[in-house]
Protein chains: 2
Amino acid sequence: MVKPFDKISEKNKYKLFQAFHTHIMSYNKGEDLSKMLMDRNSLGIIISGYVQIIKKNLNGTSLIIDELYEDDILSIKTIYVQDSEYEVLVKEETKIVFFDLEQIQEFGENEKGYYNQFIKNLFLIINDKLNEKNERIQILTKKTIRNRLLEYFSIAKTKSGSNNIYLPFSFMALADYLGVDRSAMSRELSYLKEEGFIEIKGKRIKLTF
Amino acid sequence: MVKPFDKISEKNKYKLFQAFHTHIMSYNKGEDLSKMLMDRNSLGIIISGYVQIIKKNLNGTSLIIDELYEDDILSIKTIYVQDSEYEVLVKEETKIVFFDLEQIQEFGENEKGYYNQFIKNLFLIINDKLNEKNERIQILTKKTIRNRLLEYFSIAKTKSGSNNIYLPFSFMALADYLGVDRSAMSRELSYLKEEGFIEIKGKRIKLTF
DNA sequence: TGCATTTTGTTGCAACTGCAACATATCTAC
DNA sequence: GTAGATATGTTGCAGTTGCAACAAAATGCA
């Protein structure tokens with residue numbers, strides 16, 4: 001997976017910060033960044049720290065949707081959780097550098113190399129994000145839980161090139177990703193097991209179709 | 001809405017084509033581009049012509065999902081319709097220029113101005129696409145037809161800044177966008193009308209909430 | 001204008017799913 | 001290891017939805 005500063009030296013990285021008139025912000029453990037992100041339309045890149053995207057359910061339980069570390073992108077466009085039930089929670093003191101993409105501007109002859117590299121990296125990253133979103137839409141437009149699961153499995157199979165899938169998150173998080181009720185999904189998984197389509201051992205799922 | 005060649009002269013546009021080693025392809029009326037797009041990982045921009053994204057339903061009917069004209073972006077990432085039931089149909093002879101984003105490279109001093117403008121335009125467009133996808137995911141994760149409709153209406157309301165919404169597509173297409181059965185959606189719309197939440201006149205919907 | 005096609009509205013019914021409640025299993029921290 | 005917390009599995013039930021079939025309205029086109 002491409003990272004924003006791949007193939008860019010530490011020195012040139014800070015030159016980029018200057019050239020883009022970036023703002024570097026620090027956030028403390030426990031802060032919720034969701035409202036702050038709403039107000040910023042710029043692209044944030046995490047320089048250091050650790051942030052979780054959390055969904056708070058009505059019954060008081062909460063669910064980790066995503067975890068972000070150094071070099072991960074954090075902007076309202078890339079996470080987009082308008083719902084008040086979502087939280088962007090700082091788990092460790094975190095520094096984020098914000099780029100205003102409107103500010104792409106003239107660069108001198110010397111900066112060209114790493115500037116182009118940076119732009120290329122960002123393109124590839126955003127392109128990947130588009131891909132992820134598309135995959136999820138592809139899944140969410142399936143009308144039954146069974147079909148969403150099978151679509152998810154198919155995509156995972158294609159990606160891994162194997163019939164053995166390792167779930168990158170919990171079954172709770174999977175239900176959330178598929179946009180279905182957890183217990184109903186659990187029931188459907190049981191049916192799929194019974195019918196011999198899959199075998200489940202922990203987070204390891206073997207597809208037999 | 002930003003277009004790829006905004007603020008770039010016709011002359012510089014063709015210089016960009018050269019600098020990126022683009023390929024320009026022509027397609028004839030009636031061709032289905034979906035398979036061709038699968039094989040290309042590059043960014044296509046329509047130079048001239050008219051293309052429809054079509055969904056073919058099981059019962060033989062088909063539905064126009066989207067229509068693309070000059071300066072619209074056409075790549076597998078931006079449409080993403082893996083399903084064989086989707087078709088990318090050329091309605092008029094269409095020319096597409098394909099950019100390989102991997103080929104972003106050194107530009108001479110003279111090209112910088114329009115090169116930067118082009119990159120900025122593309123960023124803004126892809127960012128918009130991310131937004132669109134996020135909105136749709138936001139809607140698709142709602143668990144009832146009613147809630148998907150209300151979410152859709154809310155977003156439309158925010159965008160237009162008015163309680164009067166004009167549907168940009170047919171109700172059939174809306175059902176497809178929301179990922180629900182058309183007749184079930186029609187039923188739910190009737191309930192919403194009865195309960196006084198909305199008024200419908202053709203594609204014009206008045207929100208009273 | 002008038003005919004054919006497409007879209008929209010309506011409804012019964014069977015199937016699916018969310019929800020709640022609970023049991024069991026797994027994980028985590030001490 | 002143990003206790004508490006968290007995650008997973010199971011099930012009944014009521015509400016929602018997809019599907020099919022059809023009527024009515026709107027649209028396109030010769």
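Protein chains get the first letters and strands the later ones, always in sequence-line order, with residue 1 at the start of each. Owing to the predicted nature of the structure, the values given are computational and were not obtained by experimental measurement.
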For this session: Would you name the heavy atoms of B/Pro4 and B/Phe118 that are closest together and state the gap between them?
Result: O-CD1, 3.5 Å
For this session: Check the distance between C/dT8's C1' and B/Leu149's CG and give it to me in whole angstrom.
Result: 15 Å
For this session: For A/Tyr14, check ring-ring contact (aromatic ring centres under 6.0 Å, His included) against everything at least two apart and list the hits.
Result: A/Phe17
Seminar exercise, completed: Under a 4.0 Å heavy-atom cutoff, the residues of residues 183-196 of chain A touching DNA chain C are A/Ser183, A/Ala184, A/Arg187, A/Glu188
Which pairs, protein N/O on one side and nucleotides 23-29 of chain D N/O on the other, fall under 3.5 Å?
none

Exercise. In whole Å, what is the span from the CD1 atom of A/Ile200 to the C1' atom of D/dT10?
Worked result: 14 Å
Problem set entry | From CD (B/Gln138) to OH (B/Tyr152), nearest 0.5 Å | 15.0 Å
Exercise. Rounded to the Å, how far apart are A/Phe171 CZ and D/dT6 C1'?
Worked result: 15 Å
Exercise. Taking the side chain as C-beta and beyond, is there a heavy-atom pair between B/Asn164 and B/Arg204 under 4.5 Å?
Worked result: no
Problem set entry | B/Ser170 side-chain proximity, nearest of D/dA7, D/dG18, C/dT8 | C/dT8
Exercise. Is it the case that B/Asn121 and B/Lys3 place a side-chain donor and acceptor less than 3.5 Å from each other?
Worked result: no
Problem set entry | Test: B/Lys11 cationic atom under 6.0 Å from B/Tyr114 six-membered ring centre, within 45° of axis | no
Problem set entry | Rounded interatomic separation in angstrom, taking CD1 from B/Ile145 and P from D/dT16 | 10 Å
Exercise. Per the side-chain contact (heavy atoms from CB on, under 4.5 Å) rule, which among B/Ile96, B/Leu74, B/Ile73 passes with B/Leu68?
Worked result: B/Leu74
Exercise. Quick one: A/Asp176 CG to C/dC19 P, roughly how many Å, whole number?
Worked result: 12 Å
For this session: Check B/Arg146 against B/Tyr191 and note the closest heavy-atom contact, atom names and distance.
Result: NH2-CB, 3.7 Å
Exercise. Taking the nucleotide of DNA chain C with the closest heavy atom to each, which residue, A/Arg182 or A/Arg146, is nearer the 5' end?
Worked result: A/Arg146
Problem set entry | Length of the line joining B/Leu178:CG and D/dG18:C1', which is rounded to integer Å | 15 Å
Problem set entry | Whole-Å gap separating C1' (D/dA21) and CG (B/Asp181) | 13 Å
Exercise. Sub-3.5 Å donor-acceptor pair from the side chain of A/Arg40 to the main-chain atoms of A/Ser75, do we have one?
Worked result: no
Exercise. A/Lys143 has an atom NZ; how far is it from atom P of D/dT16, in whole Å?
Worked result: 19 Å
